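Bear in mind the structure is a predicted one, so any value in this text is a computation, not a measurement. So that the names make sense, note that chain A is the first sequence line, chain B the second, and so on, each numbered from 1.
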There are 2 protein chains.
Amino acid sequence: MFKGDQKPKYQRLKEYIIETIQQKQLKFGDRIFSENELAERFGISRHTVRQAIGELVNEGWLYRLHGKGTFVGNGPYGRGKKMRTIGVITTYLNDYIFPAIICGINSVLLEHGYDMLLSCTYNQHRMERLCLENLRNHSIAGLIIEPTKSALPNPNLDLYQELRRKDVPILFIHGCYENFDGSYVVEDDTWAGYIATKHLIELGHTRIGGVFKKDDIQGHYRFAGFKKAHEEAGLEIAPSRVLWFDTEQALNFESSIMGDLICLLKGCSGIVCYNDQMAIKILDVLRGMGLSVPEDVSLVSFDDSQLAVASEVKLTTVAHPQERLGQQAAKALIDMIEGRQKRCSIKMRPELIVRGSVKKVSEMAKV
Amino acid sequence: MFKGDQKPKYQRLKEYIIETIQQKQLKFGDRIFSENELAERFGISRHTVRQAIGELVNEGWLYRLHGKGTFVGNGPYGRGKKMRTIGVITTYLNDYIFPAIICGINSVLLEHGYDMLLSCTYNQHRMERLCLENLRNHSIAGLIIEPTKSALPNPNLDLYQELRRKDVPILFIHGCYENFDGSYVVEDDTWAGYIATKHLIELGHTRIGGVFKKDDIQGHYRFAGFKKAHEEAGLEIAPSRVLWFDTEQALNFESSIMGDLICLLKGCSGIVCYNDQMAIKILDVLRGMGLSVPEDVSLVSFDDSQLAVASEVKLTTVAHPQERLGQQAAKALIDMIEGRQKRCSIKMRPELIVRGSVKKVSEMAKV
DNA sequence: AATTATTTGTGCGTATGTATC
DNA sequence: AGATACATACGCACAAATAAT
């Protein structure tokens with residue numbers, strides 16, 4: 001006898017069954033031993049076996065069929081009674097392209113009988129931790145997550161590891177962590193930066209400024225494309241023509257970067273701007289300086305959000321896949337959950353939407 | 001003996017306990033009878049009592065404290081193990097003010113240890129039904145819902161009734177159904193329409209046009225305010241100066257209402273426009289007609305969304321509480337769930353944000 | 001078509017352990 | 001220390017559903 005055991009017998013049995021499932025000795029839909037068999041095999045009473053199995057059923061590991069047996073999984077087949085739930089975590093909910101992404105995710109999930117448990121991190125690691133901890137209590141079937149401060153090292157990797165141990169598929173969107181090898185669906189931001197910059201170069205611009213966000217990985221990728229386009233064209237990037245800002249500075253815009261920005265705008269004939277939101281603000285600054293777009297300065301931005309067509313000057317912008325990205329992600333995750341796919345690495349190539357904020361450089365200005 | 005009983009004894013006991021709780025004979029935190037007492041009282045074995053109580057604990061009705069007793073609620077206090085879930089249903093996810101509302105809801109829920117199960121109806125009754133049916137599988141603690149096509153009769157009232165029978169608090173936001181008496185947190189849209197119109201009247205406008213949405217109740221309320229302001233000032237509303245549009249027409253804008261709109265704009269010195277989104281489109285139309293805002297036409301809109309400051313002309317608009325509305329709703333719902341409040345009827349008064357799209361009528365034009 | 005074996009579902013009685021007051 | 005409460009555990013019996021004989 002094991003009297004030294006602290007754990008109750010039904011607990012030990014539960015753990016044994018879970019291990020067996022995790023080690024794939026028992027797969028989705030397999031029948032496990034009958035209650036009597038387990039009782040005999042482990043030398044415990046049937047009642048005790050029932051307690052263990054009862055809790056596992058409650059936790060979603062097993063399901064019982066009267067007269068037939070006990071099986072691994074959540075229901076007689078897949079979409080049984082229990083609607084399964086997907087966790088979705090983004091940095092923001094109301095920032096301009098996230099609603100579209102979330103909407104894309106939701107539409108696909110609904111169609112396939114999944115529900116969406118949504119939370120957001122406000123781009124803070126502390127909040128990301130809170131969100132992930134909350135999800136522990138929900139037995140989710142999968143997780144779609146947009147990384148928080150993706151350019152920085154992440155302190156919550158332990159929780160990601162825990163989910164992975166539990167065999168919950170994780171899918172990153174709109175960026176991924178460098179030190180966590182996972183599935184992802186992202187925009188090809190380097191390409192986006194490249195075609196935006198190339199567009200300006202092809203129209204004769206040589207003095208091109210760049211405004212990028214430094215604490216999100218997209219900013220760095222878009223800058224990489226910006227750089228690549230310059231190199232291909234044999235152009236130098238003057239350091240004074242590149243401005244980096246972060247989340248906080250984007251909010252209280254005026255004070256902190258206004259000086260640098262005005263300085264930058266004066267020396268350029270074209271600007272590549274991190275996103276539409278920032279571009280709209282730059283439009284106002286230019287207007288204040290008495291410069292007009294695109295006559296005096298050309299402006300290319302990213303994302304093709306609602307804002308891009310809200311101003312008088314319709315912005316030329318690189319279209320973020322937005323809703324399509326959300327849809328792709330949801331489809332891929334469902335494939336992973338239902339075992340049709342093991343990994344997923346999708347880079348979506350964005351396209352340039354030409355509107356009215358860019359103009360060919362006139363011969364005069366060129367000289 | 002009740003041999004005719006089809007239901008098992010533990011089921012009957014469960015139902016009895018739930019009823020007792022629902023009838024408030026047992027309140028949050030109260031101790032229920034001990035297992036032995038219940039066994040004796042109902043003439044069943046203690047084991048059977050344990051089965052009933054065990055399931056109720058699992059479903060979140062009760063919690064047990066070793067050596068002390070079994071209590072009503074779902075944890076020693078509040079944030080026990082099981083995080084509770086709130087259902088949130090809106091018409092759209094990416095339309096411009098909903099993200100802010102959802103964000104407000106989310107922030108308060110997170111703070112109080114609730115999670116958010118989100119879905120949207122795309123303003124279709126059929127989808128609303130699907131969403132409500134899905135929620136049945138999730139044992140939600142409460143529901144925040146924005147009515148779908150709130151000006152029309154609703155075919156899904158049976159599902160609302162079902163939730164009410166289950167004692168799940170329901171809170172309507174951003175509108176409510178006329179034939180379902182429930183709690184709500186809404187904007188005072190009549191007031192909003194009133195102050196927007198009054199603003200124009202006070203600046204000397206007499207020929208004021210109105211553009212309203214007909215299939216959402218807000219459109220009708222805002223029109224009511226529009227009318228009230230006219231009546232107070234002793235002005236007539238010319239029928240030719242009021243244009244009604246619906247969801248579909250807002251999407252494929254050009255074809256269907258363009259003619260009427262241009263006609264309307266020609267005859268007015270000021271326009272009251274259903275929301276910022278439509279106002280931005282009207283700005284473009286006016287620009288196409290060679291008219292400028294506010295020099296030729298003044299424009300007041302509603303909601304104070306991101307779009308209101310995205311255009312060159314910053315819109316004078318009635319500020320929708322947006323995020324605050326979401327926060328209020330979440331707070332009220334939590335109060336209802338935790339028994340601190342029974343009903344909730346909040347009308348939030350919006351305020352006029354004066355920007356640059358409105359101008360005083362010049363004496364010349366007046367005459 | 002009826003029987004039988006197997007498996008889960010419901011229910012009772014009992015015993016011992018352990019936490020709380 | 002004792003009373004009371006929940007926690008774990010064993011054994012038994014019968015009902016109901018299922019599948020194979």
Looking only at side-chain N and O atoms, does [X] come under 4.0 Å of OP1 or OP2 in [N]?
| X | N | value |
| --- | --- | --- |
| A/Arg50 | C/dT8 | no |
| B/Lys68 | C/dC21 | yes |
| A/Thr48 | D/dT8 | no |
| A/Thr70 | C/dT8 | yes |

Side chain of [X], heavy atoms from C-beta onward: which of [options] has the nearest atom to it?
| X | options | result |
| --- | --- | --- |
| A/Gln51 | D/dT8, D/dA5, C/dT10 | D/dT8 |
| A/Arg64 | C/dG11, C/dT18, C/dG9 | C/dG9 |
| B/Pro8 | D/dT8, C/dT10, D/dC6 | C/dT10 |
| A/His47 | C/dT8, D/dC6, D/dC10 | D/dC10 |

Could you tell me if the ring centre of A/Phe42 sits under 6.0 Å from that of A/Phe33?
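Distance test on ring centres: not under 6.0 Å, no.
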Whole angstrom is fine here: how far is it from [atom1] in [X] over to [atom2] in [N]?
| X | N | atom1 | atom2 | result |
| --- | --- | --- | --- | --- |
| A/Leu13 | D/dA9 | CG | P | 10 Å |
| A/Glu35 | D/dC10 | CD | P | 14 Å |
| B/Asn36 | D/dA3 | CG | P | 15 Å |
| A/Leu38 | D/dC10 | CG | P | 13 Å |
| A/Lys9 | C/dA15 | NZ | C1' | 13 Å |
| B/Arg46 | D/dG11 | CZ | P | 19 Å |
| A/Ile44 | C/dA15 | CD1 | C1' | 18 Å |
| B/Phe33 | D/dT4 | CZ | P | 16 Å |

Is it true that, when you exclude B/Glu40 itself, more than 12 heavy atoms of the residues, nucleotides or ligands shown sit nearer than 6.0 Å to its CD?
no
In terms of relative ring orientation, are A/Phe71 and A/Tyr63 parallel, tilted or perpendicular, with 30° and 60° separating the classes?
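Rings of A/Phe71 and A/Tyr63: parallel, as their planes differ by under 30°.
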Examine the side chains of A/Gln25 and A/Thr20 and answer whether a donor and an acceptor come within less than 3.5 Å of each other.
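A/Thr20 and A/Gln25 do not have a side-chain donor-acceptor pair below 3.5 Å.
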Does the D/dA16 base have a donor-acceptor partner in the side chain of A/His66 within less than 3.5 Å?
yes
Salt-bridge criterion met for B/Arg343 and B/Asp181 (N-O under 4.0 Å):
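B/Asp181 and B/Arg343: salt-bridged.
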